[in-house]
Amino acid sequence: MHGVTLAEIQAARRRIAGQVTRTPLIRSATLSARFEAEVLLKLETLQPTGAFKLRGVVNMISALLERYGQQALAAGVTTASTGNHGRAVAYAAARLGVPAIICLSHQVPDNKVAAIEALGAEVRRIGDSQDEAFGEVARLVDEQGMTLIPPFDDSLIAAGQGTIGLELLDDAPDLDQVLVGLSGGGLLGGIGVALKASRPELEITGVSLSRGAAMHDSLLAGHPVEVEEVASLGDSLGGGIGLDNGCTFALVREVMDSHWRVSEAAIARAMVELLEDDKQFVEGAAAVGLAALNEHELDIRGRKVALILSGNGVSLETLDQARRLAGR
Ligand SMILES: *Cc1c(COP(=O)(O)O)cnc(C)c1O
């Protein structure tokens, strides 16, 4: 049981209102023409922290404060994250008056680390993988009584991300398909529950990296498996789903209809196209929907399709790397 329900997502929408941006869904003229479809872009890049992760985090901290009071979170909150989640926890904790320590692996790009520190949270750098950073988080929880805010594997987190699904339905009630970057599965799972509740026929498509697609490998295996963490333009999609996954594995298994993997070259091309043609500045993880349409020549003719531009945590250096890889 994953515990993510439409009622929880509706409660999340009420909780996060005013703290999180209600983002626009815009039509891409160039992509709509190219694919002979209605291609819509959900601009999560406009969140104050540059990524959708704020939705889940604000929902979880607010729900805990609502249920147990400010005193219960007096020791603070902590997490390990590939960047956008850490930034969201730092931002939300500061706004809600709760102390925060963010544990990051040495794989996380420096621009993301600096952004978190600028938000006033303490950053602790540990090891070379997200799992090692999680070890430090566990220690802070056990020894200092801090509260873990997980990046995806929690029903309050996934319900917060699911508010994107409610907004999609408000703006495009006749949507046919959504393409969502898939890593831990909070984003895809939450959106999936929200959309399937009123449109079960709507196709939920997950897109992962070609190497290290932990959720998809786990679904094929029938249980959570570990994958190797590799450097990627889509670094926000790296990392495992946790061998003791208690929520999002079941959630994604229930709501995902189709899945694609995308190469580094395809991610690079999609990042450059979104910037050049649509003037949307996105990180690699946010470009994977377009990368999948391009690389796998998906036939979406005549359909209304939403791409979730999930975040903009990318340095100019990385963007330049993408540009060279794309040959533009
Ligand atoms: C975290 C993240 C994702 C994937 O979300 P999950 O809930 O882990 O599947 C996609 N895009 C960006 C920009 C992210 O930060």
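One-based numbering, in listed order, for ligands and for the atoms of each. For this chain, numbers begin at 1 and follow the sequence in order.
Within the listing of ligand 1, atoms 13 (C) sit less than 4.0 angstrom from a heavy atom of Gly311. Listed by number with element, the atoms of ligand 1 under 4.0 Å from a non-hydrogen atom of Gly186 are 6 (P), 7 (O), 9 (O). Interface of Ser236 with ligand 1, defined as ligand atoms under 4.0 Å from a residue heavy atom, comprises 1 (C), 2 (C), 12 (C), 14 (C), 15 (O). Annotation for ligand 1: atoms under 4.0 Å from non-hydrogen atoms of Asn84 are 13 (C), 14 (C), 15 (O).
Checking only distances, Leu187 does come within under 3.5 Å of ligand 1, N or O to N or O. Considering backbone and side-chain N/O atoms, Phe52 never comes within less than 3.5 Å of an N/O atom of ligand 1. Ligand 1 has no nitrogen or oxygen under 3.5 angstrom from a nitrogen or oxygen of Glu283. Residue contacts with ligand 1: Gly184 is placed with a nitrogen or oxygen under 3.5 Å of a nitrogen or oxygen of the ligand (distance criterion only).
A donor-acceptor pair shorter than 3.5 Å can be found between the side chains of Glu44 and Thr23. Checking Ser258 against Thr205 by side-chain atom types alone, a donor-acceptor pair falls below 3.5 Å. Checked by atom type, the side-chain pair Ser236/Glu283 shows a donor-acceptor distance below 3.5 Å. For the residue pair Glu8 / Ser155, no side-chain donor-acceptor distance below 3.5 Å is found, with atom types taken as modelled. In summary, the side chains of Arg55 and Thr163 do present a donor paired with an acceptor at a separation below 3.5 Å, with no hydrogens or angles considered.
Residue contacts with ligand 1 do not include Leu188, since none of its heavy atoms lies under 4.0 Å from the ligand. Heavy-atom distances between Ala286 and ligand 1 stay at or above 4.0 Å for every pair.
Tested against Ser208, the residues His259, His216, Arg261 include a single side chain to side chain donor-acceptor pair (under 3.5 Å) partner, His259.
Using a 4.0 Å cut-off between heavy atoms, Met215 makes no contact with ligand 1 at all. Under 4.0 angstrom from ligand 1, the non-hydrogen atoms of Ser183 come from both its backbone and its side chain. When heavy-atom distances to ligand 1 are checked against a 4.0 Å cut-off, Leu237 comes that close only through its side chain, counted from C-beta outward.
Here Arg15 pairs with Glu66 in a salt bridge; the nearest charged N to carboxylate O distance falls below 4.0 Å.
Shown here is Leu220, whose CG atom has more than 12 heavy atoms of other residues, nucleotides or ligands within 6.0 Å. In the displayed structure, Gln10 atom CD is contacted under 6.0 Å by more than 12 heavy atoms of other residues, nucleotides or ligands.
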